[in-house]
There are 2 protein chains.
Amino acid sequence: MDKQLRMTHQREVILSELGKCHTHPTADELYERVKKKLPRISLATVYRNLEILSEAGLIRKLEVSGRQKRFDWDLRQHDHIYCVRCHRVDNIDLEGKKQLSLPAHESRGYKVSGCRIEFFGLCPGCRKIQQKTRKGEEKMGCKTCGTGLSDKQREVLEALAKCKDACGSKDIAAATSLEPKQVSCQITALKKKGYVASPARCKYEITSEGKAALS
Amino acid sequence: MDKQLRMTHQREVILSELGKCHTHPTADELYERVKKKLPRISLATVYRNLEILSEAGLIRKLEVSGRQKRFDWDLRQHDHIYCVRCHRVDNIDLEGKKQLSLPAHESRGYKVSGCRIEFFGLCPGCRKIQQKTRKGEEKMGCKTCGTGLSDKQREVLEALAKCKDACGSKDIAAATSLEPKQVSCQITALKKKGYVASPARCKYEITSEGKAALS
DNA sequence: TGTTGACATAATAATAGTTACCATGTACTT
DNA sequence: AAGTACATGGTAACTATTATTATGTCAACA
Ligand SMILES: [Mn+2]
Ligand SMILES: [Mn+2]
Ligand SMILES: [Zn+2]
Ligand SMILES: [Zn+2]
């Protein structure tokens with residue numbers, strides 16, 4: 001009845017790659033690594049087996065901050081620390097001194113089966129970066145949200161690049177065959193991405209990041 | 001420079017609904033509530049404003065287990081407990097007695113900005129349910145994964161329903177114009193859903209759940 | 001020992017949750 | 001009042017995950 005696990009080659013490789021990896025990889029980080037050994041493996045196979053292996057107790061599936069689940073080869077009791085900027089996850093060992101247990105009258109009627117402790121902050125790498133660039137705030141490297149340019153955004157940005165001085169949205173509208181409203185809307189988006197600056201009210205110019213984004 | 005927040009009607013309603021709600025709703029739970037007051041509001045507006053309001057510090061965005069982000073109107077320091085079965089989230093108050101702080105030599109070079117504590121287990125409601133149905137395990141109510149039937153699954157299940165006794169996949173293959181391999185595959189899926197049982201090796205019959213699923 | 005079917009896989013479609021885009025609407029500033 | 005900043009609704013696109021299914025592999029039994 002207690003079905004035993006069939007140890008396929010794929011499973012062996014997944015396990016061994018996870019074991020080599022001390023970074024709590026996500027499913028697709030692991031997929032990228034496994035693919036080097038087994039180029040024909042499917043992403044679904046990785047997901048399926050991570051699920052099966054964690055249910056079998058050979059690995060642990062972590063619930064950590066961020067959207068993606070992460071996997072841990074280390075089965076010992078330990079906690080984690082999470083970088084809010086690059087989403088890296090490291091181990092933390094509280095040395096048993098804090099085995100938080102919840103007094104029954106505090107548990108709100110729950111049958112408590114465990115407790116998860118997670119510290120968060122900036123990892124060493126991200127601390128350095130943060131010190132250098134005091135302006136980009138925490139937006140930059142984290143997601144695709146900033147980098148791309150839509151067609152309209154590119155059109156407006158190219159028009160701005162051609163201007164010698166800061167200019168108003170009317171000028172851009174004339175140069176691009178877009179409605180002034182549309183231009184205003186695009187400029188707002190471009191400002192958010194840091195590609196456009198406003199040296200004076202209603203005057204805009206392309207930033208060096210903006211020029212870089214065009215090429 | 002510190003841009004002030006424009007308090008639109010939509011934002012007021014979102015805030016007040018969140019305030020009335022002590023259940024740490026997800027974005028779309030909140031959307032359903034807000035829609036009763038503002039039927040024309042867009043889901044995107046709810047998401048956008050939850051993000052903005054939490055960045056402004058008027059509400060808190062929670063990182064809890066499960067896929068969805070949740071929102072909390074209570075800004076005081078407190079922790080949470082999570083039901084692994086129905087995903088409900090309740091408040092826990094550790095009364096400051098555990099302000100876990102990480103000794104510097106343990107922080108792995110991180111600049112720690114906080115700590116999140118989350119208990120998990122079964123909420124009172126789910127404890128009762130679990131006691132009654134000792135067989136469905138924890139699979140049942142949680143996601144859509146079990147309920148539906150694909151065309152092929154339905155075809156096989158209907159053929160099984162017509163059989164008086166348990167029968168082999170060959171018989172089904174004959175009755176359905178499907179290849180035996182395909183039948184075997186569908187039966188596996190149907191067994192996983194609990195719609196088919198196997199009284200003897202290589203013999204299958206439809207379960208009462210299976211009959212219910214057909215109608 | 002050849003069949004059969006349990007279990008796995010690769011490829012891909014489907015889904016859930018969230019975010020991006022943009023035309024249009026509303027409200028500040030001067 | 002004009003002109004811009006900010007906000008919204010509708011929808012497309014995206015990311016992470018799960019489901020489906022044809023096909024492959026192998027162990028157990030007839
Ligand atoms: Mn770990
Ligand atoms: Mn709370
Ligand atoms: Zn980092
Ligand atoms: Zn529950």
Side-chain angles (χ1 to χ4, degrees), chain A residues 3-11 26-29 31 35 38-52 66-70 143-153 168-170 173 178-189 191-193 198 201-204, chain B residues 3-11 26-29 31 35 38-52 66-70 143-153 168-170 173 178-189 191-193 198 201-204:
Chain A
K3 48 183 68 179
Q4 70 174 4
L5 192 64
R6 187 181 294 179
M7 188 49 66
T8 63
H9 189 34
Q10 285 89 340
R11 283 177 191 171
T26 62
D28 58 51
E29 281 164 7
Y31 170 61
K35 217 162 44 168
L38 301 173
R40 297 192 41 75
I41 200 172
S42 154
L43 175 59
T45 299
V46 174
Y47 270 103
R48 184 169 6 87
N49 284 321
L50 286 172
E51 187 64 36
I52 289 169
R67 321 223 271 195
Q68 296 173 76
K69 294 280 191 302
R70 289 171 178 274
K143 43 182 77 172
T144 51
C145 77
T147 45
L149 279 177
S150 74
D151 289 350
K152 296 201 178 180
Q153 287 169 4
S169 57
K170 282 259 170 101
L178 290 168
E179 302 291 319
K181 267 278 181 180
Q182 297 181 329
V183 172
S184 161
C185 181
Q186 299 314 315
I187 286 180
T188 306
K191 277 203 292 183
K192 194 153 58 181
K193 298 188 182 187
S198 177
R201 192 168 196 284
C202 311
K203 294 289 171 185
Y204 308 101
Chain B
K3 46 183 71 181
Q4 70 175 4
L5 192 62
R6 188 180 294 180
M7 189 49 66
T8 63
H9 189 37
Q10 284 89 339
R11 283 176 193 172
T26 62
D28 58 51
E29 282 165 7
Y31 170 61
K35 215 162 44 168
L38 302 173
R40 296 192 43 75
I41 199 172
S42 154
L43 176 59
T45 300
V46 174
Y47 271 104
R48 185 167 2 90
N49 284 321
L50 286 172
E51 187 64 37
I52 288 169
R67 321 224 268 197
Q68 296 173 77
K69 293 282 190 301
R70 289 170 176 274
K143 43 182 75 171
T144 49
C145 76
T147 44
L149 279 177
S150 73
D151 290 351
K152 295 200 178 184
Q153 287 169 5
S169 56
K170 280 257 169 104
L178 290 168
E179 303 291 319
K181 268 276 181 181
Q182 295 180 334
V183 172
S184 161
C185 180
Q186 299 314 317
I187 286 180
T188 306
K191 277 203 294 182
K192 195 153 55 182
K193 298 187 182 187
S198 177
R201 191 167 196 282
C202 312
K203 295 289 171 185
Y204 307 101

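Chain letters run A, B, ... following the sequence lines, proteins first, then strands; residues in each count from 1.
For Q10(B) and dG9(D), the shortest distance from a side-chain N or O to OP1 or OP2 is below 4.0 Å. Contact annotation: S150(A) side-chain N/O to dC22(C) OP1/OP2 distance is under 4.0 Å. Listed pair R11(A) / dA8(C) meets the phosphate criterion, a side-chain N or O lying under 4.0 Å from OP1 or OP2. In terms of phosphate contacts, Y204(B) brings a side-chain nitrogen or oxygen within less than 4.0 Å of OP1 or OP2 of dA6(C). For the OP1/OP2 pair of dC6(D) and a distance below 4.0 Å, the side-chain nitrogens and oxygens of R48(B) include no atom meeting the criterion. Close to dT12(C), at under 4.0 Å from its OP1 or OP2, lies no side-chain N or O of S42(A). In this model, the phosphate group of dA10(C) is not approached by any side-chain N or O of K35(A) to a distance below 4.0 Å at OP1 or OP2. Checking the phosphate oxygens (OP1, OP2) of dG5(C), no side-chain nitrogen or oxygen of T188(B) falls inside 4.0 Å.
Within the nucleic acid shown, Q186(B) comes within 4.0 Å of sugar-phosphate atoms alone, with no base atom in reach, counting heavy atoms only. In this structure, T26(A) reaches neither bases nor backbone, as no heavy-atom distance under 4.0 Å exists between it and the strands shown. Backbone-only engagement by R67(A) is indicated by non-hydrogen atom pairs under 4.0 Å involving sugar-phosphate atoms exclusively. Using a 4.0 Å heavy-atom distance criterion, T45(B) is classed as a base contact.
Inter-residue side-chain proximity for E29(A) and Q68(A) is flagged as unmet; no heavy-atom pair is nearer than 4.5 Å. Residues Y31(A) and I41(A) meet the side-chain proximity criterion, which asks for heavy atoms closer than 4.5 Å. In this structure, V46(B) and K35(B) have side chains that are not in contact, with every pair of non-hydrogen atoms separated by 4.5 Å or more. A 4.5 Å side-chain heavy-atom check between K69(B) and L50(B) finds every atom pair outside the cut-off.
Residue order along DNA chain C, read from the 5' end via each residue's closest nucleotide, puts R70(B) first among R70(B) and Q153(A). Projected onto DNA chain C by closest heavy-atom contact, K152(A) and D28(B) fall at different nucleotides, the more 5' of which corresponds to D28(B). The 5' end of DNA chain D is approached more closely, in terms of each residue's nearest nucleotide, by I187(A) than by the other of I187(A) and Q68(A). In terms of position on DNA chain D, the residue among L43(B) and A27(A) whose nearest nucleotide sits closer to the 5' end is L43(B).
As rounded to whole Å, 15 Å separates atom C1' of dG9(D) from atom NE2 of H9(B). Rounded to an integer number of Å, the gap from K192(A) NZ to dT4(D) C1' is 16 Å. For the pair Y47(B) OH and dT11(D) C1', the interatomic distance rounds to 15 Å; values are reported in whole Å. At whole-Å resolution of the value, CG in N49(A) and C1' in dT18(D) are 14 Å apart. Counting to the nearest Å, the P atom of dC28(C) and the CE atom of M7(B) are 12 Å from each other. In this structure, the CG atom of L50(B) is 11 Å from the P atom of dT8(D), given to the nearest Å. Straight-line distance from the NZ atom of K203(A) to the C1' atom of dA5(D): 16 Å, rounded to whole Å. Nucleotide dG25(C) holds its P atom 18 Å from the CD1 atom of I41(B), rounded to whole Å.
Atoms OG and NZ, from S184(A) and K170(A) in turn, are 12.0 Å apart once rounded to the nearest 0.5 Å.
The side chain of A44(A) sits closest to dA11(C) out of dC22(C), dA11(C), dT20(D). The side chain of R40(B) lies closest to dG9(D) when the candidates are dG9(D), dA27(C), dG17(C). Residue R6(A) has its side chain nearest to dA8(C) when only dT17(D), dT8(D), dA8(C) are considered.
Here the closest heavy-atom approach between residue V183(B) and residue A173(B) is recorded as CG2-CA, 3.8 Å. Of all heavy-atom pairs between Q182(A) and K152(A), the closest is NE2-NZ, 3.8 Å.
Residue-to-nucleotide contacts include no donor-acceptor pair under 3.5 Å from the side chain of K181(A) to the base of dG3(D). For K191(A) against dT4(D), a side-chain-to-base donor-acceptor contact under 3.5 Å is absent.
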